[in-house]
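Following: one structure in structure tokens, then a few remarks.
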Amino acid sequence: MSRVCELTGKGPMVGNNVSHANNKTKRRYLPNLNDVTLQSETLGRGIKLRITAHALRSVDHRGGLDKFLAKAKDVELSDRALKVKKEIMKAQAEA
């Protein structure tokens, strides 16, 4: 399982550990990923996603998963999230 947010595309970053003696060693900064089930109002069911804590706050701020995905860029979304977005758009067009 890759360490990438399914909604924002954020992944690991690389940097240095710097000791008191100013020695530098490579390290990885991993995103704060959480397994969550977000409710889709349009589909009427929950969708399991692996997203960062920052993305979860953004979803809440925008008013839910449906509104977040409507504004999200397709390039940043994972294949699963893109599939859900298309399902939601199709359901909204039919209603």
Side-chain angles (χ1 to χ4, degrees):
M1 188 180 303
S2 65
R3 298 177 193 264
V4 177
C5 176
E6 293 192 70
L7 295 181
T8 60
K10 287 188 179 184
M13 292 174 47
V14 179
N16 288 314
N17 274 340
V18 181
S19 70
H20 187 69
N22 207 26
N23 298 330
K24 294 168 184 72
T25 55
K26 285 288 188 185
R27 64 159 291 178
R28 291 176 70 193
Y29 292 94
L30 299 176
N32 184 8
L33 292 174
N34 300 298
D35 294 317
V36 296
T37 302
L38 298 172
Q39 297 297 322
S40 171
E41 297 164 3
T42 306
L43 300 177
R45 62 182 172 90
I47 290 110
K48 283 189 174 185
L49 295 170
R50 188 171 160 97
I51 64 173
T52 59
H54 183 271
L56 184 59
R57 288 171 47 98
S58 298
V59 168
D60 288 341
H61 179 73
R62 288 197 185 162
L65 180 64
D66 299 346
K67 292 181 182 175
F68 181 90
L69 288 175
K71 288 187 176 182
K73 297 176 183 174
D74 291 351
V75 177
E76 295 175 348
L77 297 175
S78 69
D79 293 337
R80 281 184 11 184
L82 196 56
K83 184 179 174 185
V84 171
K85 179 180 180 176
K86 288 180 182 177
E87 283 182 46
I88 291 171
M89 295 303 164
K90 184 178 177 183
Q92 287 177 345
E94 291 173 358

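Basis for what follows: all heavy atoms, side chains included, without hydrogens, waters or symmetry-related copies.
- Counted within 6.0 Å of CZ on Arg3, heavy atoms from surrounding residues, nucleotides or ligands total 12 or fewer; the atom is thus considered open.
- Using a 4.5 Å cut-off on side-chain heavy atoms (C-beta onward), Leu43 and Ile88 make contact.
- Counting heavy atoms from C-beta on, the side chains of Val84 and Leu49 never come closer than 4.5 Å.
- Considering only heavy atoms from C-beta on, Arg80 stays 4.5 Å or farther from Ile47 through its side chain.
- Residue Ala91 comes nearest to Thr42 through the heavy atom pair CB-CG2, 3.6 Å, listed as atom of the first residue, atom of the second, then distance.
- The stretch residues 50-73 participates, sequence neighbours left out, in these salt bridge (Lys or Arg N to Asp or Glu O under 4.0 Å) pairs: Asp35-Arg50.
- The closest side-chain heavy-atom distance from Gln92 to Met89 is below 4.5 Å.
- No continuous path of hydrophobic side-chain contacts links Val4 to Val59 [ILVMFWY only; heavy atoms under 4.5 Å].
- For Arg45, the side-chain hydrogen bond (donor to acceptor under 3.5 Å, both in side chains) test picks out Glu87, with sequence neighbours left out.
- Thr52 contributes atom OG1, which lies 8.0 Å from atom CG of Asn34 (distance to the nearest 0.5 angstrom).
- When all heavy atoms are compared, the tightest approach of Thr37 to Lys48 is OG1-CG, 3.5 Å.
- Scanning both residues, Ser2 and Leu33, for their nearest heavy atoms gives O-CD1, 4.5 Å.
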Check residues 9-19 and write down every donor-acceptor pair under 3.5 Å in which the side-chain atom is one partner and the other belongs to a residue at least two apart or another chain.
residue, atom, partner, partner atom, Å
Ser19, OG, Ala21, N, 3.3
Ser19, OG, Asn22, N, 3.4
Ser19, OG, Asn23, N, 3.0

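- Nearest heavy atom pair, residue Lys85 against residue Leu77, reads CD-CD1, 3.8 Å.
- To the nearest 0.5 Å, atoms CG (Leu7) and CG (Leu38) are separated by 7.0 Å.
- Nearest heavy-atom pair, Gly46 versus Gln39, reported as atom, atom and distance to 0.1 Å: N-OE1, 3.5 Å.
- If you take CZ on Phe68 and CG on Leu56, they are separated by 10.0 Å, rounding to the nearest 0.5 Å.
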